[in-house]
Peer 1: 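The structure follows.
Treat the numbers as computed from the prediction; the structure is a model and nothing was measured. In what follows, every chain begins at residue 1, and chains take the letters A, B, ... in the order their sequences are listed.
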Amino acid sequence: MKQAHRERFQVKCSHMEPKLVCVKQAYQMPVGSRLTVRGWVRSRRDSKGISFIELNDGSRFKSLQLVVNEGVIPEELLKRITTGACIAATGELVESPAPGQPVELRVEHIHLYGEADPATYPMQKKGHSFEFLREIAHLRVRGNTFGAVFRVRNTLAYAIHKFFQERDFLYVHTPIITPSDCEGAGALFRVTTLDLENPPRTPDGRIDWSQDFFGRPTYLTVSGQLEAEVFALAFGKVYTFGPTFRAENSNTPRHLAEFWMVEPEMAFYELPDNMRLAEEFLKYIIQYVLDNCREDMEFFHQRIDNTVLSTLEHVATASFEHITYTEAIQILQKAERDWEFPPVWGNDLQTEHERYLTEEAFKKPVIVTDYPKEIKAFYMRLNDDGRTVRAMDVLVPRVGEIIGGSQREERYDVLLQRIRESGLNEQDYWWYLDLRKYGSAPHSGFGLGFERMLMYITGMKNIRDVIPFPRTPGNAEF
RNA sequence: UCCUGGGUAGCUCAAUGGUAGAGCGGGUGGCUGUUAACCACCAGGUUGCAGGUUCGAAUCCUGCCCCAGGAGCCA
C-alpha cells in the first residue's frame, strides 16, 4: 500500500513544475521532488553512458551531484559543461546508489549560461597555493576554502550584530572621513580633491589645505572610537562595525591597510565591566559560529588546522586569564627563555612576550591590564598610581592581540593634561573635551579586529585570505 | 621599513657551470555509477627584468622588480 502510494506520488511529482531551489535547499527536499538548481560546475566525470557533474552555488559547502544519462542532453552540450561553467539543471531528486552523497539530481534538462574554457580557466580540481589564489581573488571564491571562509565571515558578522542587539546596544555609523588623527600615532590615508600636480599654495609656499574640499586636511578613519564615545554618552551602550584604514607599511600575515573593526563603547562601564563584556562577546560569537557553520568548520579542522575545533570549544567555555602588565613582566622575567628583547617594566610587550603568555604560560586567552601610561594612548584613564592606565589587551594563541581597549579618561583636567603631555593640539579635541565638561561619566570600550577574529576561528594563517579583496602595501588589484 | 628565504611549463616543484625535466592541469583516445577517478599518447618554456663574468649561465656577480616568512607598527 505504502509503496503504491509512493509510486503514485512520484508519478504525480514528475508532472509538477520544477521548484527552483539552491543546493542547500535541494538536500532538504523529499526524494522524488522535481527541482531546478543553478550554479557553477566544480567538476565533471564521464563514464560509459553516464556523466557526473558536481554543482556548487555557494549556499553550502557540499556540492550537489548531477547525474546525466547518455542521450538526455546533446553530446555537444555536455562537452561544454566543464569546470567553472555556469549552468541550470532540472531533474528529479533521487536517492544516490553510491556512497558520498545521500541524494543526487537525475538530470532531465540543462541550460548552459556561461562556458569556462578549460584550457585557460585557472581554478583546478586540485588544491592551489593561497599565494596563487590571491592573484585570482575574483575566482578563488568559487573554491572550497574561500567558500567556507566567506560563509563563516557572513555568519560571524551576523553573530556580532545579534550579540549587541540582544543586549540593547545601539549600532552607530561613525564617519569614514575624519579630520582627526584619533590615536595620535600611525600613518593615515589623506583624503583630498586638490590637484596633486599643482596644489594651491599659501604665500609662504606651503600647500593651502584651506582650499581643499573640506577646507582642512582630512583622512580615512583609523578608528570610530572618539565618535562612538559621543554616542555612548547619549545612548549608554553603542557599537560601531565598519571599515578602518591604516597607511602603515606593514607587511605581515596579520595586517591590512583596509580592514573591518568592531568597537563597542559603554557609558558607566569601568574596566572590569569592559573585560567581562569582551570575554562574553568572544565566547558568544565563537559559539554561534560553531553552532551555525558546522560543515565549514569541519573543513577547516580537516584541511587547514586540526586544532581549530578543540581550541574554539575550549575558549567558548574556559574562563580567560586576567593579569596586570606588571604581573606579566614578572612572569616573563621568571620564564627560562632567551628573549630577543628582555622584558623590562616600561617597555611594551613584544610579540614573543605576548605569544609566550597566551600560548605557553596560560594556554588560553589572556587579558593584560594596567599598562604604563607612556606606551598607551592619551584617552585611557589614569590609575591612582599615576604611572599606569586602565588599558586592556586580549591576547589569543596564534593571532596575538585580538582586542585592545580601555576605560576612558572621563576627568576633564586629567584628560587635558594627557593631551598636552602627548604633544597633541588640544583645539583639535574641543568636542572630545566637551564630553568631559558636560555630563561626563565613566565609560569604556574596546576594538576587535574582525579579520583577526576570522583568522582565529578558521585557522587561516594569512589575513589576506579572510577578506574578499585584500589591500596591502603595493596591492590594490580588484 | 629592516632581516631571511624564494621567483624555472597554466599550477606545485626538480635540474648545484655542460642537451631545461616530473607530477598535476589541458587536448586526443580507451575503460569504468564516478567521488582529488583510472590507463595510453600529445601539446606546453624569453628559467622575474636589465647588465656583467665565462668557450658555455636556470646555476656565478651587480642593480632593480615581485612574492612569502620573521621583526617593528597595530586590530
Peer 1: Rounding to the closest angstrom, what is the interatomic distance between B:U46 and B:C42 at atom C1'?
Peer 2: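 It works out to 24 Å between them.
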Peer 1: Ignoring hydrogens and angles, does a donor from either the side chain of A:Gln124 or the base of B:G10 sit under 3.5 Å from an acceptor on the other?
Peer 2: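 A donor-acceptor contact between them is present.
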Peer 1: Does A:Lys376 use its side chain to pair, donor to acceptor, with the backbone of A:Tyr371 at less than 3.5 Å?
Peer 2: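 Here the side-chain-to-backbone pair does not exist.
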Peer 1: What is the distance, to the nearest angstrom, from the CD1 atom on A:Ile50 to the P atom on B:C31?
Peer 2: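 Answer to the nearest Å: 16 Å.
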Peer 1: Would you say the side chain of A:Glu104 and the base of B:G33 hold a donor-acceptor pair, judged only by whether the two atoms sit under 3.5 Å apart?
Peer 2: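 Looking at the base of B:G33, it does pair with a donor or acceptor on the side chain of A:Glu104 (distance under 3.5 Å).
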Peer 1: Just how far, in rounded Å, is P of B:A75 from NZ of A:Lys376?
Peer 2: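 Taking NZ of A:Lys376 and P of B:A75, I get 7 Å after rounding.
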Peer 1: Rounding to a whole Å, what distance do you find between A:Glu352:CD and B:C73:C1'?
Peer 2: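 So the two atoms are 16 Å apart, to the nearest Å.
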Peer 1: Got a second to check how far A:Thr145's OG1 is from A:Asp296's CG, nearest 0.5 Å?
Peer 2: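 Interatomic distance, A:Thr145 OG1 to A:Asp296 CG, rounded to 0.5 Å: 10.5 Å.
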Peer 1: Atom CD of A:Glu477 to atom P of B:C66: distance rounded to whole Å?
Peer 2: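 After rounding, the reported distance stands at 14 Å.
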Peer 1: Can you find an N or O donor on one side and an acceptor on the other, under 3.5 Å apart, linking the side chain of A:Glu248 with the base of B:U1?
Peer 2: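 Result: no qualifying N/O pair found.
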Peer 1: Base, sugar-phosphate alone, or nothing: which one does A:Pro99 contact when heavy atoms must sit under 4.0 Å apart?
Peer 2: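 Base, at least one base heavy atom under 4.0 Å.
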Peer 1: Under the side-chain contact (heavy atoms from CB on, under 4.5 Å) test, which residues partner A:Ile176, sequence neighbours left out?
Peer 2: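 If we apply the side-chain contact (heavy atoms from CB on, under 4.5 Å) test to A:Ile176, skipping adjacent residues, the hits are A:Leu220, A:Pro243, A:Phe245.
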Peer 1: Any N or O donor-acceptor pair linking the side chain of A:His255 to the base of B:C74 at under 3.5 Å?
Peer 2: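 Yes, the side chain and the base share a sub-3.5 Å donor-acceptor pair.
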Peer 1: NA contact type, A:Pro118, heavy-atom cut-off 4.0 Å: base, sugar-phosphate, or nothing?
Peer 2: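 Sugar-phosphate, backbone atoms only, no base.
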Peer 1: Starting at CZ of A:Phe130 and ending at P of B:G6, how long is that distance when rounded to a whole Å?
Peer 2: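 It is 23 Å, rounded to the nearest whole Å.
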Peer 1: Using the C1' atom as the reference point in each nucleotide, state the distance between B:C38 and B:C24 in Å, no decimals.
Peer 2: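 Taking atom C1' in both B:C38 and B:C24, they lie 15 Å apart.
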Peer 1: Would you say B:C38 has OP1 or OP2 under 4.0 Å from some side-chain N or O of A:Arg45?
Peer 2: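 Checking A:Arg45 against B:C38: no side-chain N or O falls below 4.0 Å of OP1 or OP2.
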Peer 1: Select base, sugar-phosphate, or nothing to describe what A:Arg464 touches, counting heavy atoms under 4.0 Å on all strands.
Peer 2: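 Contact class for A:Arg464: sugar-phosphate only.
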Peer 1: Please tell me whether A:His138 and A:Phe469 form a close aromatic pair, meaning their ring centres lie under 6.0 Å apart.
Peer 2: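 Not close enough - the centres of the two rings lie 6.0 Å or further apart.
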Peer 1: Is a donor-acceptor pair below 3.5 Å formed from side chain A:Asn251 to base B:U1, judging by atom type as modelled?
Peer 2: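 Such a pair is found, so the answer is yes.
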Peer 1: Under a 4.0 Å threshold between the charged nitrogen and the carboxylate oxygen, would A:Arg418 count as salt-bridged to A:Glu409?
Peer 2: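 No, this pair does not count.
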Peer 1: Pairs of donor and acceptor atoms involving the side chains of residues 65-74 of chain A, under 3.5 Å and at least two apart or interchain, shall be tabulated with distances.
Peer 2:
unit_1  : atom_1 : unit_2   : atom_2 : d
A:Gln65 : OE1    : A:Arg45  : NH2    : 3.3
A:Gln65 : NE2    : A:Glu104 : OE1    : 3.1

Peer 1: Between A:Ile375 and A:Gly474, name the one whose nearest nucleotide on RNA chain B is closer to the 5' end.
Peer 2: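 It is A:Gly474 whose nearest nucleotide is closer to the 5' end.
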Peer 1: OP1, OP2 of B:U12 versus side-chain N and O of A:Ser129: anything below 4.0 Å?
Peer 2: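 Result: yes.
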Peer 1: Within the structure, does a side-chain N or O atom of A:Thr252 lie under 4.0 Å from either OP1 or OP2 of B:G72?
Peer 2: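 Answer no for this pair, as no side-chain N or O of A:Thr252 is under 4.0 Å from OP1 or OP2.
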Peer 1: Rounded off to whole Å, could you give me the CG-to-C1' distance for the A:Asn462 and B:A68 pair?
Peer 2: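 A:Asn462 atom CG is separated from B:A68 atom C1' by 9 Å.
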Peer 1: Is RNA chain B part of any stem, that is, at least 3 consecutive Watson-Crick or G-U pairs with both distances under 3.5 Å, and where?
Peer 2: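 RNA chain B stems, ordered by first number: B:1-7 with B:65-71, B:10-13 with B:21-24, B:26-30 with B:38-42, B:48-52 with B:60-64.
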Peer 1: Are B:A75 and A:Phe259 stacked, with the base six-membered ring and the side-chain ring centres under 5.5 Å apart and planes under 30°?
Peer 2: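 It does: the two rings, one from A:Phe259 and one from B:A75, meet the stacking criterion.
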Peer 1: Want to settle it: does A:Phe450 or A:Pro473 sit nearer the 5' end of RNA chain B, counting the closest nucleotide to each?
Peer 2: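 Looking at RNA chain B, the more 5' nearest nucleotide goes with A:Pro473.
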Peer 1: Determine whether the side chains of A:Ser59 and A:Gln25 contain a donor N or O and an acceptor N or O closer than 3.5 Å.
Peer 2: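 No pair is found: no donor N or O on one side chain lies under 3.5 Å from an acceptor on the other.
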Peer 1: Do A:Ser250 and B:C74 share a donor-acceptor pair, side chain to base, under 3.5 Å?
Peer 2: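 In this structure, the two groups form no donor-acceptor pair.
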Peer 1: Quick one: do the A:Asp370 and A:Thr388 side chains pair a donor with an acceptor below 3.5 Å?
Peer 2: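 Note: A:Asp370 and A:Thr388 side chains miss the donor-acceptor criterion.
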Peer 1: Measure the distance from CD on A:Gln65 to C1' on B:A37 and round it to the nearest whole Å.
Peer 2: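 Roughly 12 Å, once rounded to whole Å.
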Peer 1: What's the shortest heavy-atom distance between A:Thr244 and A:Ser223, and which atoms?
Peer 2: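 What the structure gives for the nearest pair is CG2-N, 4.1 Å.
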